[in-house]
Structure formats: C-alpha cells, structure tokens
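Chain identifiers are assigned alphabetically (A, B, ...) following the order of the sequence lines, protein sequences preceding nucleic acid strands; residue numbering begins at 1 within each chain.
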Protein chains: 2
Amino acid sequence: MRTLTVEVMVFNVRAGALETLLVRGPGNVWGLAERPVSPGRGLAREAEAALAEQTGVRGAELEQLFTFDRDDAHVATVGYLALISAERHPVTPGQDVVEVRWFRTDDLPDLRPEQAEALQYATERLRAKASYAPVAFVLLPDLFSMGELQSVYEAILGSSLDARNFRRDVLAAGVVEAAGRTRSGGPGRPAQLYRWRGGGFSVVPSERRVARAMGTDRE
Amino acid sequence: MRTLTVEVMVFNVRAGALETLLVRGPGNVWGLAERPVSPGRGLAREAEAALAEQTGVRGAELEQLFTFDRDDAHVATVGYLALISAERHPVTPGQDVVEVRWFRTDDLPDLRPEQAEALQYATERLRAKASYAPVAFVLLPDLFSMGELQSVYEAILGSSLDARNFRRDVLAAGVVEAAGRTRSGGPGRPAQLYRWRGGGFSVVPSERRVARAMGTDRE
DNA sequence: TCAAAAGTGTTTCTCTTACACCCATGT
DNA sequence: ACATGGGTGTAAGAGAAACACTTTTGA
C-alpha cells in the first residue's frame, strides 16, 4: 500500500560546479533516495530516514519542495531539498543500494522522467533560495576565504559575480567576521580567512540581495 | 484508508478586507473544504473536486501550497490555495455540508489548530504572490476603477499604497487599458474605467513590483 | 457648501551595477 | 619573471518612496 512516498534531492558544490546525489538500486537504474511514508512519523522525519538509510547522510537540513503526482498505485511523492557538503558527509550505500554517487547537475545519468523534472524544479528553487537565505555556509569549512564563499554562490546561481561588489556587500551585511588569520597554501596572495557569525542557515538575485540573504534566519 | 487528503484554502476580497471560505460539517465545526485522494486522478483535480462538491465553486485557479503532516490514520494533507471573486462564484453547501460562508480573515471562527496554521501560512503566501503575479484581476469585474484595483491590492497586502505611485506604475506596466467610459454611482468624482489586457492571471513588495507582477504570466 | 473619491509630476534617496589597478605569495 | 588569486573605491544610472493640491460629482 505505497500510496505516499518521500524523495530527497541533495545538492553539493565542488570545484565550482553544482552536483546532485543519486543512488543506483538493484535494477541498475539511477534515481533519488526515496521511501514510502509510514503513518505517524512525520514527512520530514521520513525524508531524513530515506536519506540516512540509502546514502548514509545524516543531519542534513531538509526543506519541503513540492508534492508531485505519481501513478495509480503510488499516488504522490513529497519532494525534499537538501544542500550539504560532500566533504563533511561521506556517502555509503545502504541496503538495497548498489552505489551512491555525486553527479554534476549539468551531466546527469538517465533518470525516470518524473525525477528529472523534479530535479530541474529543485535546481530553480535552490537558486531562488540563495537570494533570500544564507545557503552557502553549510558547504564551507569553519574558516573560508572570500573567494571560496563567492565561488560557492557562483556555482549555485550559475552566473558570475563581481568580486568587489560581492566583498563589499557581504562585509556590509555583517554576516561574516575576519578570523584574523590568513592562509597561504596555493598560488596567489594569501587570503584573509573569515568565519560565519549568525544564528542559522537556511528570485533573479542581485549581489546585495545575496549578501543580505546571508543574514536571514533559517526558514 | 484515508492516508492522503487535499484541502483548499480559498480567499476573496470584499469591502477592503480579505475573506476566507469555510464549510461547516455535520459536527457543527467549521473547517476547510477537504477530501481524500483517490489514486490516479491527480492532486490538483482532487482539490478542485473537493471545492466543487462542498462549496459549489467551480473553475477556480488552484496553486499547491504545502503538504502538512497529520495524525496516524490520516498521514498528510496537500494544501491548495485559491483566490476567487465571491460575486462571480456563489456558494452552495454540498452534501454532508451544513453551511458554507465567507469569514473575514482577521475574524475566523474556531478551527482545528492545524487548519488555522495552514491558513496563516496561506495568507503569507498570498501576500508574497501578489508581488510577483497578477493576482487581483480574478477578483474584479470586467471594468473597474483604479481605486478598486488599488484597494484589492491593499486588502491582500495588508498595507496601504500611494495612489499616485500605484496609478503611475500600473499604467507604465501596460497591463490595463482605459475602457473610455466612466462611472458615477457613488459620491466623489466619477472614475475612469479600465479593463485588464494580458494573457492570463495567475515577497515585501514595492509598488512597482506589484505593478510589474501584474504583467506576469500564470505561474 | 461639504464630504468623498479621482486625478496629476517632481524630487530625493537608495540600490545596483560597472569598472582597473596594485599586492603578496608559489613556482 | 610570471602566473595566480587577494584586495581596494568611485561614479553613473535605475528604481523606490515621499509628497499637496485641484477636480468632479452626490448628498
């Protein structure tokens, strides 16, 4: 009696590109982490469970996206959106899962058309969300440079930002504080490091709107 | 086996106030139009059916809002939002319905707490929607004055707008055309009448954003 | 003649964007 | 030396908000 399921669309940013987490089941077909809903447990809880069971990812922030029609036996599915750092959340295939892998969002394997559509919608919502909620901090380590912060936003928004405006607006928004340290590491001048300060993390956006959104409380 | 239901939150503007349509069932308790979902019919279709059966309202534009957790027997409910003109849509109680009535949104009867919460959320979403979608035209007759258009927006947004800015921005957006007639009727100088021209109808909004939003296509 | 709604432009301020050069390190 | 990313300020244009008075009707 699988009348209702949940499914989870998970995103990450790596090397300046947006990535999606998919699972490959016994049928050798890639798809989203999903799970039938049992009464009394709460939809968000079920979505967390689906994600934990099938990919090993725990503790992600989930946001309900949309409830999609499905076929006759499987009436509907409630889609959830999550944004996590791949480094902090190693994935391990659960039972009934052959493989779990990140795919670049612009280069996905074949998916069932409903899921491809749902992912398309999720990408749009994630972009919109970046302009009103401080979405990037879950993806970054505790200390990060302005350049890293900016490139996370560029990957999510799919467009490039002006570094001077970005820096000015982020600092003016006061959502970030200088850690007082710098990091040399690679080539180029060492970067000042920042840490995020603020309570929590959580449409054609401007740079200032992105910056202001970083100060918004979760949801 | 009522695992999934739909429920419909319907709004209207009358006398400058936002109103909500509620139904009173056999238990003498007020609530939203709702209905269990049968497999294979589509959620939006079911929501339309719930509204038609219980209130007699047909042909409303419905937008999916959110899927809410419910109790154990009744796992979840998918909430839909509709905005209709009370004048154009007379209500008639359906079978199993004792009474159907409009209530001012700021003066609702006792409702089950989940439904009161859902309505609260729907009101916020309606306000947000007014700033990006041309929401008011479903509420107005074919010919209407600037003042009427403005007061519909004021009721939805819950705040007052500057008449000069509103007029300028609405005309500049080109979503409305002068009908060439005026209407005397009440006290005050007769108003120029306008009709809406544009394809279809369908967050802290400014007056210009409201005006621009009137030109947006459905959804 | 009074109350009530309609109509009409301008100004100020803020927000947004575009834009070029020098600095500090690793190789 | 050179390649690479870091760091700094200003100016011009678009968008947003505030604002007061005259006009036309019904009562």
Side-chain angles (χ1 to χ4, degrees), chain A residues 15-16 130-132 140-141 143-155 157 159-174 176-195 203-215, chain B residues 15-16 130-132 140 143-155 157 159-174 176-195 203-216:
Chain A
S131 76
Y132 65 81
L140 292 168
L143 298 182
F144 51 87
S145 70
M146 269 297 160
E148 287 166 341
L149 181 58
Q150 180 177 341
S151 65
V152 166
Y153 273 100
E154 288 176 333
L157 297 174
S159 59
S160 60
L161 302 171
D162 182 287
R164 287 164 295 189
N165 294 338
F166 185 81
R167 164 182 299 273
R168 163 172 48 67
D169 298 338
V170 167
L171 292 177
V176 104
E177 66 186 3
R181 301 171 46 195
T182 58
R183 184 185 42 206
S184 308
R189 174 172 171 177
Q192 181 73 243
L193 295 180
Y194 296 87
R195 75 169 61 85
V203 186
V204 178
S206 67
E207 284 152 325
R208 290 206 185 157
R209 282 179 72 174
V210 170
R212 267 187 273 125
M214 292 179 203
Chain B
S131 77
Y132 65 81
L140 291 167
L143 298 182
F144 51 86
S145 71
M146 271 294 162
E148 287 166 342
L149 180 58
Q150 181 177 342
S151 66
V152 165
Y153 273 99
E154 287 177 333
L157 298 173
S159 61
S160 61
L161 302 170
D162 182 287
R164 286 165 295 187
N165 293 339
F166 185 81
R167 164 183 299 273
R168 165 171 47 67
D169 297 339
V170 168
L171 292 176
V176 104
E177 65 185 4
R181 301 172 46 194
T182 59
R183 183 183 44 205
S184 309
R189 173 171 170 177
Q192 181 73 242
L193 295 180
Y194 297 87
R195 74 169 63 83
V203 188
V204 179
S206 69
E207 286 152 324
R208 289 203 188 161
R209 281 180 70 176
V210 169
R212 265 187 275 124
M214 292 179 204
T216 308

Between [X] ([atom1]) and [N] ([atom2]), how many Å, whole number?
{"X": "B/L193", "N": "C/dA6", "atom1": "CG", "atom2": "P", "value": "11 Å"}
{"X": "B/D169", "N": "C/dT8", "atom1": "CG", "atom2": "C1'", "value": "14 Å"}
{"X": "A/E154", "N": "D/dG5", "atom1": "CD", "atom2": "P", "value": "12 Å"}
{"X": "A/F166", "N": "D/dT8", "atom1": "CZ", "atom2": "P", "value": "15 Å"}
{"X": "B/Q150", "N": "C/dG7", "atom1": "CD", "atom2": "P", "value": "11 Å"}
{"X": "B/E148", "N": "C/dA5", "atom1": "CD", "atom2": "P", "value": "12 Å"}
{"X": "A/L171", "N": "D/dG9", "atom1": "CG", "atom2": "P", "value": "12 Å"}
{"X": "A/R183", "N": "D/dG7", "atom1": "CZ", "atom2": "P", "value": "10 Å"}

Which distance, rounded to the nearest 0.5 Å, do you find between the [atom1] of [X] and the [atom2] of [Y]?
{"X": "B/L161", "Y": "B/R167", "atom1": "CG", "atom2": "CZ", "result": "13.5 Å"}
{"X": "B/M146", "Y": "B/R168", "atom1": "CE", "atom2": "CZ", "result": "12.0 Å"}
{"X": "A/S151", "Y": "A/F166", "atom1": "OG", "atom2": "CZ", "result": "8.5 Å"}
{"X": "B/R164", "Y": "B/D169", "atom1": "CZ", "atom2": "CG", "result": "12.5 Å"}
{"X": "A/R183", "Y": "A/F144", "atom1": "CZ", "atom2": "CZ", "result": "10.5 Å"}

Base-contact (B) and sugar-phosphate-only (S) positions in nucleotides 19-27 of chain C, heavy-atom cut-off under 4.0 Å, - elsewhere: BB--BBBS-
A/Q192 side chain vs A/A178 backbone, donor-acceptor pair below 3.5 Å: no
Residue-phosphate contact under 4.0 Å: A/R167 side-chain N/O, D/dG6 OP1/OP2: no
